[in-house]
Participant: 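Once you've had a glance at the structure underneath, I'll fire off some questions.
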There are 2 protein chains.
Amino acid sequence: MDLRKWRVLRAIVDDYIQTAEPVGSRTVARKYGLEVSAATIRNEMADLEDMGYLEQPHTSAGRVPSDKGYRFYVDTLLCGTEPMAADAEAVRQVLAFKAARLDQLVRQAAHLLSEATDFLAVATQPGGGGERLAGLQVVPLHGSEAVVVLVGDDGRARTKVIRFAHSPSARDLEQIGRALSERLRGQPLRALAGGRLGALAAELGQFREVIDRVKELLAEPDAGPERVVVDGATNLLKQPEFREVASAQRVLQALERDRLLGEMLGLPLPRLNGLEVAIGREIPLEEMADCSLVTAVYAAPGGVMGRIGVLGPRRMDYTRVMRLVEGVAGAVTKALGEDTGPERGGPGLDAPPKRSADRRDRGER
Amino acid sequence: MDLRKWRVLRAIVDDYIQTAEPVGSRTVARKYGLEVSAATIRNEMADLEDMGYLEQPHTSAGRVPSDKGYRFYVDTLLCGTEPMAADAEAVRQVLAFKAARLDQLVRQAAHLLSEATDFLAVATQPGGGGERLAGLQVVPLHGSEAVVVLVGDDGRARTKVIRFAHSPSARDLEQIGRALSERLRGQPLRALAGGRLGALAAELGQFREVIDRVKELLAEPDAGPERVVVDGATNLLKQPEFREVASAQRVLQALERDRLLGEMLGLPLPRLNGLEVAIGREIPLEEMADCSLVTAVYAAPGGVMGRIGVLGPRRMDYTRVMRLVEGVAGAVTKALGEDTGPERGGPGLDAPPKRSADRRDRGER
DNA sequence: TGTTAGCACTCTCATCTATCGAGTGCTAAC
DNA sequence: GTTAGCACTCGATAGATGAGAGTGCTAACA
């Protein structure tokens with residue numbers, strides 16, 4: 001790939017991003033400062049197509065970037081640009097939004113992302129049980145019913161209603177809560193689901209009833225607030241690539257059906273820190289072949305919390321979107337860092353996560 | 001409106017519901033056992049159009065029911081049919097679903113409704129502060145932070161992270177919680193937001209910091225789990241009336257933007273108990289002119305809890321949908337009644353809410 | 001007076017055709 | 001290696017046409 005091919009590819013991607021129309025040799029020659037004629041461009045384009053960077057919708061139309069073409073564009077074109085430059089507005093708003101609770105902050109950040117990009121914003125919250133138990137109470141309701149409340153150190157609570165065979169006194173319930181609370185505080189919820197609780201059940205036979213219910217509560221997949229946040233789903237309908245309902249429906253339904261996307265976002269991607277771009281079929285969901293997913297991790301001083309980003313048509317302004325996502329994720333991270341207060345100490349993760357340098361050497365497929 | 005007109009109107013609505021195509025005089029004469037010729041039907045149809053029950057998309061197409069036509073159909077055609085007859089399956093599933101918590105039950109019911117109808121299901125949860133305080137705790141986190149947890153008698157919890165100027169001891173926090181809990185237990189959360197808390201603040205000066213935060217928490221609009229549940233939004237894209245994105249987008253965006261629909265559902269409709277059908281422009285949202293909304297209230301022994309129903313194209317099988325919605329709402333009510341256990345006493349609301357008899361005499365607009 | 005048959009008319013929709021234009025690939029000249 | 005020219009392809013667009021469905025009206029009929 002020589003320099004001129006590179007410039008042609010870049011011109012085509014840029015133009016296609018802008019117009020959503022296949023771009024021809026003439027346009028490239030005219031609008032982008034290549035100092036050669038259309039015929040020359042044509043030759044280059046034919047080569048680029050052979051190499052797999054371009055595709056032709058039909059014989060006599062212009063060229064369109066392929067997944068590989070976008071990938072190359074994203075990997076090479078953006079290095080060197082200052083990441084946090086523009087789009088300070090959305091970032092500023094995230095920082096200005098004072099939310100003490102992680103889920104509210106993330107929700108707000110996702111909302112801003114979807115507004116700023118006109119795409120669908122998506123984010124994962126930890127909630128997978130990684131948070132630690134801050135407290136456990138058993139609150140009496142009417143009669144023989146009570147509520148078990150697990151409070152995590154992220155400030156969120158999970159609850160479950162339980163019914164006793166007998167009607168225990170409020171004092172009893174309080175004691176149960178206190179006893180369990182003292183013994184389990186500080187444990188990650190996920191760990192509780194496993195052995196720790198079982199051991200306790202043996203030790204404190206009388207509390208078995210409650211302990212069993214707590215186990216059930218922990219086993220419930222979405223016991224906490226929704227783990228995957230989606231915002232601005234209807235934005236996708238604005239995009240020209242989804243002009244016909246069928247295609248839009250496929251994507252939206254895939255998103256609604258399995259929250260598989262969440263699974264994917266949740267996976268700790270091996271060597272990829274920070275900003276991540278998945279283009280077309282790089283997304284492991286057949287229905288998303290025409291989409292791209294741009295995400296970044298956000299973190300609290302304790303470590304990585306989740307991912308936040310946007311899902312849009314494959315033809316998107318990667319420069320802008322990547323900056324925006326990186327900026328917003330960084331702002332969330334920053335907000336989480338500040339929230340813990342200055343006494344926290346340690347370097348933490350206030351700086352936005354570094355962009356991985358080896359993004360390029362992943363498989364093409 | 002004589003008997004024959006009535007039968008013609010019914011035939012047209014039935015046929016249009018089934019085919020989604022404007023229906024002509026010939027079809028009516030042939031397929032529906034009217035013993036007159038197409039020409040006669042034509043005359044009747046012209047009359048019905050004059051009276052406002054039918055509309056003509058263009059000069060030489062069949063007729064389509066107007067809002068008024070649907071309204072008449074719904075009001076007259078359905079009286080006498082056994083409401084809970086068919087569609088027992090979805091109802092059975094609601095009853096089989098053992099959810100101790102109201103919000104889970106409602107969510108599940110909405111999901112079943114959307115699956116059964118292929119429309120969008122929508123439901124409101126009380127959460128507007130009507131639930132009573134079952135307990136209040138202040139759970140310490142790290143450093144000077146703590147979580148205020150309000151547990152409602154519906155088994156749900158609201159939380160807010162607060163930060164103290166000083167770092168209070170765990171004992172102090174526990175005491176604060178206990179003190180507030182004892183004084184406020186049993187109060188509706190909505191009432192707390194008003195005077196009751198203010199009075200307490202004066203009485204217990206030292207707790208002012210916490211009390212203020214509790215006030216803030218109560219003021220947050222969606223501090224609890226989402227108040228309006230929506231399920232199966234993409235189902236709408238399946239409907240032929242939303243074949244072009246623009247129309248679908250209008251509706252979905254209206255739904256996403258303002259949760260105004262929730263507002264509307266939340267309004268205690270004056271004399272209308274139980275099942276409620278809003279057709280086309282009867283829905284006070286311009287964007288929903290091509291939709292109909294069928295909802296029913298569900299209740300717990302304590303009283304009405306909310307509404308649940310579906311939003312679909314105006315051309316829907318009202319008989320089936322109304323039965324289904326009524327059945328599911330009834331099942332939810334029943335489940336809520338049983339959940340409280342047999343010791344509850346009193347007649348309660350186990351039976352599904354009665355269908356209002358005076359649905360007909362509302363303005364035509 | 002209500003009902004029916006017949007008929008001319010209207011309007012949409014699908015199909016077909018011709019045309020236009022953008023864009024390509026190839027060849028030959030520079 | 002680059003460029004100009006040219007024939008060719010193919011999709012999109014615009015009319016033209018015909019079929020079909022449905023109506024409204026009129027006149028005949030019970």
Side-chain angles (χ1 to χ4, degrees), chain A residues 1-9 11-16 18-66 69 240-241 243-244 315, chain B residues 1-9 11-16 18-66 69 240-241 243-244 315:
Chain A
M1 157 107 41
D2 59 14
L3 178 64
R4 195 168 63 190
K5 280 194 178 52
W6 186 90
R7 294 179 69 187
V8 170
L9 176 57
I12 290 175
V13 175
D14 279 341
D15 201 74
Y16 186 63
Q18 204 189 326
T19 65
E21 299 285 323
V23 14
S25 54
R26 211 199 183 126
T27 314
V28 175
R30 231 185 316 123
K31 280 176 47 180
Y32 300 83
L34 295 255
E35 303 280 304
V36 292
S37 78
T40 308
I41 305 286
R42 273 204 287 283
N43 291 331
E44 299 287 30
M45 281 163 81
D47 288 351
L48 283 168
E49 186 172 356
D50 286 343
M51 296 160 74
Y53 293 106
L54 296 179
E55 282 166 1
Q56 215 171 2
H58 50 266
T59 327
S60 87
R63 303 304 212 289
V64 162
S66 67
E241 16 272 295
R243 221 167 325 170
E244 49 212 314
R315 175 196 66 79
Chain B
M1 158 103 44
D2 59 13
L3 178 64
R4 196 168 63 190
K5 280 195 178 52
W6 185 88
R7 294 179 68 187
V8 170
L9 177 57
I12 290 175
V13 175
D14 280 339
D15 201 76
Y16 186 63
Q18 206 188 324
T19 65
E21 299 287 320
V23 16
S25 56
R26 214 206 183 112
T27 314
V28 175
R30 232 186 315 122
K31 281 175 49 179
Y32 300 83
L34 294 256
E35 303 280 304
V36 290
S37 77
T40 309
I41 305 288
R42 273 204 287 283
N43 291 332
E44 299 288 30
M45 282 164 79
D47 287 352
L48 283 169
E49 186 172 356
D50 286 344
M51 295 160 73
Y53 293 106
L54 296 179
E55 283 165 2
Q56 216 170 0
H58 51 265
T59 328
S60 88
R63 302 305 212 288
V64 161
S66 66
E241 18 272 295
R243 221 165 328 174
E244 49 213 313
R315 174 196 66 80

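As the structure is a computational prediction, the values presented were derived from the model and not from experiment.
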Participant: I'd like to check the side chain to side chain donor-acceptor pair (under 3.5 Å) partners of B/Glu244; sequence neighbours left out, ordered by chain and number.
Facilitator: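 None.
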Participant: Is a side-chain N or O of A/Ser25 found less than 3.5 angstrom from the main chain of A/Ala39, in a donor-acceptor match?
Facilitator: no
Participant: Can any side-chain N or O of B/Ser66 pair as donor or acceptor with the backbone N or O of B/Gly52 at less than 3.5 Å?
Facilitator: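 Yes: the side chain of B/Ser66 pairs with the backbone of B/Gly52.
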Participant: Students should find this one: the first and last nucleotides of DNA chain C, 5' to 3', lying under 4.0 Å from a heavy atom of chain A. What are they?
Facilitator: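 Contact span on the strand: C/dA22 to C/dG25.
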Participant: For B/Arg4, is there any backbone N or O sitting under 3.5 Å from a side-chain donor or acceptor partner on B/Arg7?
Facilitator: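 Side chain of B/Arg7 to backbone of B/Arg4, a donor-acceptor pair under 3.5 Å: no, none is there.
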Participant: Of the non-hydrogen atoms in A/Pro240 and A/Ala20, which two are nearest, and what is the gap between them?
Facilitator: CG-CB, 4.4 Å
Participant: Tell me which residues in residues 18-31 of chain A lie within less than 4.0 Å of DNA chain C, going by non-hydrogen atoms.
Facilitator: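 Nucleic-acid contacts, sorted: A/Gly24, A/Ser25.
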Participant: Restricting to non-hydrogen atoms, name the atom on A/Pro65 and the atom on A/Tyr16 that form the minimum distance, rounded to 0.1 Å.
Facilitator: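 Of all heavy-atom pairs spanning A/Pro65 and A/Tyr16, the closest is CD-CD2, 3.6 Å.
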Participant: Regarding A/Glu49 and A/Arg63, does a basic nitrogen lie under 4.0 Å from an acidic carboxylate oxygen?
Facilitator: yes
Participant: What is the minimum heavy-atom distance between A/Gln56 and A/Ala61, and which atoms define it?
Facilitator: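 Residues A/Gln56 and A/Ala61, closest heavy atoms: NE2-O, 3.4 Å.
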Participant: Need to verify one output field. Residue with the more 5' nearest nucleotide on DNA chain C, B/Ala39 or B/His58?
Facilitator: B/Ala39
Participant: I'd like to know whether A/Leu54 forms a side chain to side chain contact (heavy atoms under 4.5 Å, CB included) with A/Val64, so could you lay out the CA-CA distance, the side-chain angles of the two residues, the decisive distance to 0.1 Å, and finally the verdict.
Facilitator: CA-CA 6 Å; A/Leu54 296 179; A/Val64 162; over 6 Å; no
Participant: Hey, does the side chain of A/Thr19 reach the backbone of A/Asp15 with a donor-acceptor pair shorter than 3.5 angstrom?
Facilitator: yes
Participant: Does A/Arg26 have any side-chain contact (heavy atoms from CB on, under 4.5 Å) partners at least two apart in sequence or in another chain, and if so, which?
Facilitator: A/Arg30
Participant: Any N or O donor-acceptor pair under 3.5 Å from the base of D/dT9 to the side chain of A/Ser60?
Facilitator: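 Such a pair exists between side chain and base.
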Participant: Taking DNA chain C as the partner, which of residues 40-54 of chain B come within under 4.0 angstrom of it by heavy atom?
Facilitator: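 Within this stretch, B/Thr40, B/Arg42, B/Asn43 sit under 4.0 Å of the strand.
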Participant: Taking OP1 and OP2 of D/dT9, is either one under 4.0 Å from a side-chain nitrogen or oxygen of A/Thr59?
Facilitator: no
Participant: Work out which heavy atom in B/Gly69 is nearest to a heavy atom in B/Leu9; give both atom names and the distance.
Facilitator: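 Smallest interatomic distance, heavy atoms only, reads O-CD2, 4.2 Å.
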Participant: Reading DNA chain C 5' to 3', what string of ( ), [ ], | and . shows its pairs, if Watson-Crick and G-U wobble pairs count only when both distances fall under 3.5 Å?
Facilitator: ||||||||||||||||||||||||||||||
Participant: Considering all heavy atoms of both residues, which atom of B/Gly24 and which atom of B/Met45 are nearest to each other, and what is their separation?
Facilitator: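 The answer is C-CE, 4.1 Å.
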